[in-house]
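This report refers to the structure that appears directly beneath it.
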Amino acid sequence: MLLIGESILSLVVGVALQATRRFYVVFFSGFLSATCLSFVFYSTQPSDPDLHALRRSAQAGIIWMVAFSCYSCSLVAYGVSLKVLLAHY
């Protein structure tokens, strides 16, 4: 997912590195939580394309698109919040 990559990129680029313990805890926690989010996303995707919600029915496809849009917006907010946390620690 591109948005998870953007979250990790926001951790690395544009934040001045500080040699404090809190900074490194937030920094590595951000990487760990982004890795967990990507694992959860990819492990819940069906391996057979015919089992995907977009192929099952129109209603399932609409619900999937709305849920995926909300998930994408939350990943953008996640990336911004990580950058704000690093700026303050």
Exercise. Do the ring planes of Phe28 and Phe31 sit parallel (below 30°), tilted (30 to 60°) or perpendicular (above 60°)?
Worked result: tilted

Problem set entry | Between OG on residue Ser38 and CG on residue Leu75, distance to nearest 0.5 Å | 10.0 Å

Seminar exercise, completed: Separation between OH (Tyr24) and OG (Ser29), nearest 0.5 Å, reads 14.0 Å

Exercise. Less than 4.5 Å apart, any side-chain heavy atom of Leu82 and any of Tyr78?
Worked result: yes

Exercise. If two hydrophobic side chains count as joined below 4.5 Å and joins carry through other members, does Ile62 share a cluster with Tyr71?
Worked result: no

